[in-house]
Trainee: 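What follows is a structure written as structure tokens; I'll ask about it next.
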Amino acid sequence: MFDTEQERNRIKNLEALKKQNIDPYPYKFSITHTIKETREKFDSLSSGKTKVKIAGRLMAIRLHGKSTFANIEDETGKIQLYFKKDSSLNYDILKLFDTGDIVGCEGTLFKTRTEEITIFVDTFNMLAKSLHPLPEKWHGLQDKEKRYRERELDLIMNPEVKEIFLMRSKIISEIRNFLDKKEFIEVETPVLQALYGGAFATPFETYYKALDRNFYLRISDELYLKKLIIGGFHKVYELGKDFRNEGLDRFHNPEFTFMELYEAYSDYNDMMTIVEKLFEHLLKEIKGSNTLEFEGKKINFKRPWKRIPFFKTIQEKTGIDFIGKERKEIFESAKSLGIEVEKQATTGKILEAIFSKIIQPDIIEPTFVIDYPKDISPLAKSKRGNDKLVERFEPIISGMEIGNAFSELNDPIEQLARFKLQQKLRDKGAFESQPLDESFLASLEIGMPPTGGLGLGIDRIVMLFTNSASIRDIILFPQLRT
RNA sequence: GGGCCGUUAACUCAGUUGGUAGAGUACUGGAUUUUUAAUCCAGGAGUCGCGAGUUCGAAUCUCGCACGGCCUACCA
């Protein structure tokens, strides 16, 4: 710490301030306006010579002998300051201020001869001394690793980053608005779980000392939320973090934000409508339009979205009807299509690999892929009229899965059979099959109404809205190696 | 997991065939009372990611490791 020349200079300035009885870290400073307000109200503030008090980070300082210009920024914008030796009360301590310092000042507004709104500073105060030099003013902070690891510096130097996270916040708040208006109740269920479930994924494990046993961080909220439907709530949702002990890439972070909702007396068709309307709402509120630009493609979200059946779509592309086919045959077909899968892959897993390789990348417009294989959907109800499929869909946009939804299986006897099938698959080596959850089965026996359930990946939605190529650009502190 | 690329001053980046480590910004000192990527003059600043090896000599060549980026695979 403090081992570079620039850091030592800042320490010297800090000590000099202290010597003049100036606290470099005072407790409070009351502003009269934000920078944005100051600019917006320039006419009335400047004509009355009204004193304004503002605060922010010193981003640039230009000394001209007996006068000095500086730029400061707060969350709302930036503004220029002007100091004059004869008029600014404490002009001489200016040389102890460095870029990066948090400062407050009081003064009146005027425009320079180039029409720039500027504060003529009467008095100024150190609010927090910065001991770390800022990155270069012109190129900013470019190094991706540093930007992710030191996001606070990234936010200071790259204004577009702030915009992304403001939009993320707005998206999440509009999702809540949308659901609240539809009378969904927001609930909180355990993150720390004795048994994980609701998705196919490897969990993070942890040890709970008081109970002397291992716990898991949740991989999904599904089973607890269904218990609430059983308990009598009609519409519930939860918006929070799930955790999956898997690889890192530009679409995956080990902790990610997911929204799950469940609605009694509904099915997966109703869930499709909710997805369509939710996106319509988000686009209207955030973009003021019905289209998005993502990775150079214009995406139109006009209702209704396309619905394409999982098996039929594969058949149209390959000429092969996989419904009801034996595993061996499916495995060979995958091979001949040039798709490699693990030896112990289940039929559903092979089919999903085929789908995600040869169909999914070409789905650009918002599309519901519907009616999935049963063995990869143990919590979904069988499809009406075709017992080999389930009523499940995934919304796909620009080749990206952004969620998952079912008509929820509510027959406890069939659910037990599905869990047992999962157990069998697990014994054959499919380690990510869903564990049998006795507690959930017991709850189902009490009776769950017909229910539609939906999960949406919030991070992926934020990627779409902010046209971000990597999940790391839309998570404030993404996981990196330590 | 595999492939390719990268890591040099606080930041953004050059660095030729292996021969004393460079620029711009930032910083320090000086000049400068409407500048705004201010300007002018002078100056300081480096574990060249880490560790081995080859060599008289390595930022540069070789090997290993770490971290990152892109692609690919896996993660339904």
Side-chain angles (χ1 to χ4, degrees), chain A residues 2-10 12-13 59-72 78-88 91 95 98-100 110-118 120 130-150 153-154 156-158 199-203 219 244-254 256 310 339-342 345-357 360 369 372-373 375-378 392 394 401 404 422 425 430-434 469-470 472-473 478 480-482:
Chain A
F2 312 140
D3 46 3
T4 71
E5 181 194 13
Q6 299 198 37
E7 285 167 333
R8 286 192 297 269
N9 282 332
R10 283 158 187 264
K12 270 187 219 157
N13 288 344
M59 295 302 287
I61 183 157
R62 297 180 289 281
L63 278 92
H64 293 260
K66 297 193 176 69
S67 74
T68 293
F69 289 89
N71 294 345
I72 74 167
K78 62 178 165 188
I79 197 163
Q80 177 167 264
L81 307 181
Y82 177 63
F83 305 82
K84 204 168 160 183
K85 191 172 172 66
D86 303 329
S87 310
S88 298
Y91 188 84
K95 61 176 189 293
D98 296 294
T99 55
F110 76 107
K111 275 186 183 168
T112 63
R113 61 182 169 210
T114 53
E115 292 289 294
E116 172 145 2
I117 293 178
T118 301
F120 196 119
S130 169
L131 300 178
H132 191 82
L134 290 177
E136 202 228 358
K137 62 185 170 188
W138 193 242
H139 298 92
L141 186 65
Q142 300 290 331
D143 185 81
K144 283 213 168 184
E145 179 174 4
K146 212 160 192 136
R147 291 180 53 197
Y148 296 144
R149 290 192 197 273
E150 298 177 49
L153 264 186
D154 190 26
I156 291 167
M157 298 310 298
N158 299 316
F200 292 90
T202 309
I219 58 171
R244 296 188 184 174
N245 205 338
E246 288 161 1
L248 286 161
D249 63 29
R250 70 190 188 94
F251 296 107
H252 298 87
N253 197 63
F256 59 101
F310 183 89
I339 293 155
E340 300 227 359
V341 291
E342 286 174 21
T346 64
T347 59
K349 191 172 176 176
I350 303 167
L351 289 166
E352 183 120 89
I354 294 172
F355 189 91
S356 66
K357 283 288 172 330
Q360 194 170 316
V369 179
Y372 276 70
D375 69 321
I376 51 169
S377 316
R392 169 182 173 189
E394 287 193 4
E401 298 158 30
N404 192 13
Q422 290 295 310
L425 295 174
F431 297 112
E432 280 158 2
S433 305
Q434 304 220 4
S470 168
R472 289 183 168 160
D473 293 324
L480 297 173
R481 276 174 210 277
T482 51

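All chains are named by letter (A, B, ...) in the order of the sequence lines, taking the proteins before the strands, and each is independently numbered beginning at 1.
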Trainee: What's A:R10 touching, base or sugar-phosphate or nothing? Going by heavy atoms closer than 4.0 Å.
Mentor: nothing
Trainee: Contact class for A:R147 vs. all strands (heavy atom < 4.0 Å): base, sugar-phosphate, or nothing?
Mentor: nothing
Trainee: At 4.0 Å (heavy atoms only), tell me whether A:H132 reaches a base, stays on the sugar-phosphate, or touches nothing.
Mentor: nothing
Trainee: Using a cut-off of 4.0 Å on non-hydrogen atoms, how would the nucleic acid contact of A:R481 be classed: base, sugar-phosphate, or nothing?
Mentor: sugar-phosphate
Trainee: Can you tell me how far P of B:A26 sits from CG of A:N71, to the nearest Å?
Mentor: 13 Å
Trainee: Does A:K111 reach a base, just sugar-phosphate, or nothing at all? Heavy atoms under 4.0 Å.
Mentor: nothing
Trainee: Roughly how far, to the nearest 0.5 Å, is the NE2 atom of A:H132 from the CD atom of A:E7?
Mentor: 6.5 Å
Trainee: Considering only side-chain heavy atoms of A:L480, which listed nucleotide, B:C75, B:G68, B:U33, is closest?
Mentor: B:G68
Trainee: Distance between the C1' atoms of B:C27 and B:A45, in whole angstroms?
Mentor: 8 Å
Trainee: Anything under 30° is parallel, anything over 60° is perpendicular, the rest tilted; go ahead and classify A:Y82 against A:F120.
Mentor: perpendicular
Trainee: Select base, sugar-phosphate, or nothing to describe what A:D143 touches, counting heavy atoms under 4.0 Å on all strands.
Mentor: sugar-phosphate
Trainee: B:A73 P sits how many Å from A:E246 CD, rounded?
Mentor: 17 Å
Trainee: Which value, in whole Å, describes the distance between the P atoms of nucleotides B:C13 and B:A9?
Mentor: 12 Å
Trainee: When the nearest nucleotide of RNA chain B is assigned to A:E145 and to A:E5 on a heavy-atom basis, which residue is associated with the more 5' position?
Mentor: A:E5
Trainee: Among the candidates B:U33, B:A76, B:U35, find the nucleotide nearest to the side-chain atoms of A:R392.
Mentor: B:A76
Trainee: Considering only the C1' atoms, how many Å lie between B:A66 and B:G49, rounded to the nearest integer?
Mentor: 8 Å
Trainee: Taking only Lys NZ, Arg NE, NH1 and NH2, and the carboxylate oxygens of Asp or Glu, determine whether A:E115 and A:R113 approach each other closer than 4.0 Å.
Mentor: no
Trainee: Return yes if the base of B:U35 and the side-chain atoms of A:T112 contain a donor-acceptor N/O pair under 3.5 Å, otherwise no.
Mentor: yes
Trainee: Measure from the side chain of A:F110, starting at C-beta and using heavy atoms only, and say which of B:A76, B:U12, B:U34 lies closest.
Mentor: B:U34
Trainee: In whole angstrom, give me the gap between the C1' atoms of B:C71 and B:A14.
Mentor: 27 Å
Trainee: Scan side-chain atoms only and decide if A:R472 and A:N253 contain a donor-acceptor pair under the 3.5 Å cut-off.
Mentor: no
Trainee: How would you label the contact of A:L63 with the nucleic acid (heavy atoms, under 4.0 Å): base, sugar-phosphate, or nothing?
Mentor: base
Trainee: What about the rings of A:F310 and A:Y372, do their centers lie closer together than 6.0 Å?
Mentor: yes
Trainee: Mind checking the C1' distance from B:G57 to B:A21? Whole angstroms is fine.
Mentor: 16 Å
Trainee: Mind checking if A:K84 touches a base, just sugar-phosphate, or nothing, with heavy atoms under 4.0 Å?
Mentor: base
Trainee: For RNA chain B, produce a single dot-bracket line, 5' to 3'. Pairs: Watson-Crick or G-U wobble, both distances under 3.5 Å. Symbols: ( ) within strand, [ ] crossing, | other strand, . unpaired.
Mentor: (((((((..((((.....[..)))).(((((.......))))).....(((((..]....))))))))))))....
Trainee: Could you give the distance separating B:U62 and B:A76 at their C1' atoms, to the nearest angstrom?
Mentor: 44 Å
Trainee: Just call it for A:F83: base, sugar-phosphate, or nothing, with non-hydrogen atoms closer than 4.0 Å on any strand.
Mentor: nothing
Trainee: Side chain of A:D98 only, heavy atoms from C-beta on: which candidate in B:U28, B:A26, B:U33 is closest?
Mentor: B:U28
Trainee: Measure from the side chain of A:E136, starting at C-beta and using heavy atoms only, and say which of B:U25, B:A76, B:A37 lies closest.
Mentor: B:U25
Trainee: Can you find a donor-acceptor N/O pair under 3.5 angstrom joining the side chain of A:R62 to the base of B:U35?
Mentor: yes
Trainee: Between B:A76, B:C71, B:U34, which one does the side chain of A:R250 approach most closely?
Mentor: B:C71
Trainee: If you look at every strand shown and take non-hydrogen atoms under 4.0 Å, does A:R244 touch a base, only sugar-phosphate, or nothing?
Mentor: nothing
Trainee: Please state the C1' separation for the pair B:U32 and B:C40 - nearest whole angstrom.
Mentor: 9 Å
Trainee: Kindly point out which of B:U25, B:A10, B:G69 is positioned nearest to the side chain of A:K137?
Mentor: B:U25
Trainee: Quick one: label A:G348 by what it contacts on the DNA or RNA (base, sugar-phosphate, nothing), any heavy atom closer than 4.0 Å.
Mentor: nothing
Trainee: Under the rule for ring-ring contact (aromatic ring centres under 6.0 Å, His included), what residues qualify as partners of A:H139, not counting sequence neighbours?
Mentor: none
Trainee: Checking contacts here: which listed nucleotide (B:U33, B:G43, B:U35) is nearest the side-chain heavy atoms of A:E116?
Mentor: B:U35
Trainee: Can you check the distance between B:G29 and B:C56, where both ends of the measurement are the P atom (answer in whole Å)?
Mentor: 48 Å
Trainee: Reckon A:Y148 touches a base, only the sugar-phosphate, or nothing at all at heavy-atom distances under 4.0 Å?
Mentor: sugar-phosphate
Trainee: Of the options B:C67, B:C74, B:U34, whose atoms approach the side-chain atoms of A:K357 most closely?
Mentor: B:C74
Trainee: Tell me what A:N245 touches on the nucleic acid: a base, only sugar-phosphate, or nothing, going by heavy atoms under 4.0 Å.
Mentor: nothing
